[in-house]
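Read through the structure below, which is laid out as structure tokens, and then see the notes.
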2 protein chains.
Amino acid sequence: METPLNIAKALADGSRMRVVAALLRHDELCVCQIVEMLRLATATVSRHMSVLQNARLVQSRKDGRWVYYRLAEPFSQPLRIWLLESLSDSQQIVADQVLLETILSCQPEDVCRQQKKRKAGDG
Amino acid sequence: METPLNIAKALADGSRMRVVAALLRHDELCVCQIVEMLRLATATVSRHMSVLQNARLVQSRKDGRWVYYRLAEPFSQPLRIWLLESLSDSQQIVADQVLLETILSCQPEDVCRQQKKRKAGDG
DNA sequence: TAGTCATTTAGCAAAATAGCTAACTAAAAA
DNA sequence: TTTTTAGTTAGCTATTTTGCTAAATGACTA
């Protein structure tokens, strides 16, 4: 793992903390699924993910056009425990868990299609 | 304790991480001792300490003109373990430990006097 | 091969943050 | 009571970071 300072910096952003929280419960998430959860521009999410990756908090796997992220291996056990313990109190994180159930019930393909539609129709 | 996001934000700065690291090993430190360790302006250190206090990572005690800081009670056990484990690798933190031995071997009074002299003579 | 699609990279504006000095507060000493 | 001292608060500038859109990349599809 990286230095605790770099890890703290990576976690010191609401959106990135939400992603890590989601990955503590869901093995693997595709970029488009994370975009759907955070409702941020894809480019913004992509940059957030690279910050997390530089801190060695997550790792990625490419499958065709899709990129999947998961928590990095190895992931510090005390860090994981601290996050699990303290994140369970957060409103936002709990809401994300619910939202993710819905998102994960579709294929990534469909999630992307929906995003595209939304983007087209928001002018 | 505060939310993990606020704690991460508080720890996402090199100087503040150094203070927390120091307090993991030294029960209590006076502001002037922290100034001596970080070599930053007193005002800057004071603001850092209030960030740490707002995140409930430290607490303060006033003794005459001196203010002493210590880790807040309660302090998350997993967080403490994670920090102890990962901070031990850091060059800077190890150097601080050595420096602190010297600083703590003087009374706070003497530390402050030295700082004043330094400030006067740096024009 | 040309086109589409998912993601990343580049470049920009707005907001947050860390450093400083100067002014203020509270306690002790002269 | 006046002055000194330790620390905090206020106000400023420089740097970093977040968000965005537009352009580039790499991989499937027609």
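Quick caveat, the model's predicted, so the values are computed rather than measured. Chain A is the first sequence line, chain B the second, and so forth, proteins listed ahead of strands; every chain is numbered from 1.
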In whole Å, I'd like the distance from the CG atom of B:D110 to the P atom of D:dT5.
14 Å
With sugar-phosphate meaning primed atoms plus P, OP1 and OP2, does A:S50 contact a base, only sugar-phosphate, or nothing at under 4.0 Å between heavy atoms?
nothing
Nearest to the side chain of B:L40, heavy atoms from C-beta on, is which of D:dT8, D:dT18, C:dC20?
C:dC20
Separation of C:dA18 C1' from B:M17 CE (nearest whole Å)
16 Å
Is it possible for you to say whether B:W82 and B:L71 belong to one hydrophobic cluster, with membership spreading through side-chain heavy-atom contacts below 4.5 Å?
yes
Do B:Q92 and A:L5 make a side-chain contact, defined as non-hydrogen atoms from C-beta onward lying under 4.5 Å apart?
no
How long is the line joining CD of A:Q33 and C1' of C:dT7, in whole Å?
14 Å
Would you say A:R70's side chain and A:H26's backbone share a donor-acceptor pair under 3.5 angstrom?
no
Once you round it to whole Å, what is the distance between P of C:dT17 and CG of B:L52?
14 Å
Would you say A:S46 reaches C:dT7's phosphate, i.e. side-chain N/O to OP1/OP2 under 4.0 Å?
no
Would you kindly give the CZ-to-P distance between B:R18 and C:dG19, to the nearest whole Å?
10 Å
Per the under-4.0 Å heavy-atom filter, residues of residues 60-69 of chain B near DNA chain D come out as B:R65, B:W66, B:V67, B:Y69
Any donor-acceptor pair under 3.5 Å linking the side chain of B:S46 with the backbone of B:T42?
no
Rounded to whole angstroms, how far apart are CG on A:L29 and C1' on C:dA6?
16 Å
Picking from C:dG19, D:dC20, C:dT8, which would you name as closest to the side chain of A:A41?
D:dC20
Keeping the roles fixed (side chain from B:R18, backbone from B:M37), state whether a donor-acceptor pair exists under 3.5 Å.
yes
Using a cut-off of strictly less than 4.0 Å, decide whether A:R47 has a side-chain nitrogen or oxygen near OP1 or OP2 of C:dA10.
no
Can you tell which of D:dT21, D:dG7, D:dA10 lies closest to the side chain of B:A43?
D:dA10
Spacing of A:L38 atom CG relative to C:dT7 atom C1', expressed in whole Å:
15 Å
Looking only at atom types and distance, does a side-chain atom of A:D63 sit under 3.5 Å from a main-chain N or O of A:W66, one as donor and one as acceptor?
no
Examine C:dC5: is either OP1 or OP2 under 4.0 Å from a nitrogen or oxygen in the side chain of A:T42? Give yes or no.
no
Can you tell me if A:T44 touches the phosphate of D:dC20, counting only side-chain N or O atoms and a distance under 4.0 Å to OP1 or OP2?
yes
CD on B:Q33 to CG on B:L99, rounded to 0.5 Å
11.0 Å
Can you tell me how far P of C:dT7 sits from NE2 of A:H48, to the nearest Å?
16 Å
